[in-house]
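See below for the structure under consideration.
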Amino acid sequence: MAPKRIGAGGGDSSILAKIANSGIVSHGRSAACDAVHVSKKLLKSTGKAAWIAGTTLLILVVPLVIEMDREQLLNEMEFQQTSLLGTPPPAGGMPMY
């Protein structure tokens, strides 16, 4: 009599049913569901943090950059005006920022 092979007959479905209903498999499914839940929460909170950082940047940093650019342009205009009028430039030349 030849040994019975797994997958060769009708006993295959009962073995799969036993494995699928085992405690280890159900514990693994539960752990996978928990991991998905935590991942979704992490992505949601990361998105909130990115939104907060972006709006803070727009409100605080962008006006500062614009003001620094305006001041640099004003200094360049003053330097050009003083050089056109013939007054000597300051000792260090054009200020560098």
Side-chain angles (χ1 to χ4, degrees):
M1 184 177 207
K4 188 174 182 182
R5 293 186 196 175
I6 296 177
D12 192 25
S13 62
S14 65
I15 293 173
L16 288 176
K18 287 180 183 178
I19 292 173
N21 294 330
S22 71
I24 294 172
V25 172
S26 64
H27 185 68
R29 280 189 196 138
S30 174
C33 288
D34 290 343
V36 168
H37 180 70
V38 168
S39 298
K40 285 182 180 179
K41 284 180 100 175
L42 181 65
L43 284 173
K44 190 175 182 179
S45 65
T46 302
K48 286 180 182 179
W51 185 85
I52 290 170
T55 52
T56 301
L57 180 79
L58 285 173
I59 291 171
L60 298 176
V61 176
V62 171
L64 176 66
V65 170
I66 292 171
E67 186 60 34
M68 288 173 60
D69 188 44
R70 282 184 187 167
E71 188 172 341
Q72 183 179 5
L73 286 172
L74 182 64
N75 287 339
E76 288 176 5
M77 286 175 51
E78 286 178 358
F79 179 75
Q80 288 176 355
Q81 189 176 24
T82 55
S83 65
L84 287 175
L85 293 176
T87 39
M94 190 172 130
M96 299 296 286
Y97 291 107

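Counting from 1, the numbers follow the sequence of the chain as shown.
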Test of understanding: with side-chain contact (heavy atoms from CB on, under 4.5 Å), list the residues that count as partners of [X], not counting sequence neighbours.
X     : answer
Gln80 : none
Val62 : Leu58, Ile66
Ser26 : none
Leu64 : Met68

List, by chain and then residue number, the residues other than Leu74 in its hydrophobic cluster (Ile/Leu/Val/Met/Phe/Trp/Tyr, side-chain heavy atoms under 4.5 Å); write none if there are no others.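 ILVMFWY cluster around Leu74 holds nothing else.
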Validation: residues 30-53 side-chain donor-acceptor distances under 3.5 Å, sequence neighbours left out:
unit_1, atom_1, unit_2, atom_2, d
Ser39, OG, Ala35, O, 2.8
Ser45, OG, Lys41, O, 3.3
Ser45, OG, Leu42, O, 3.0
Thr46, OG1, Leu42, O, 2.7

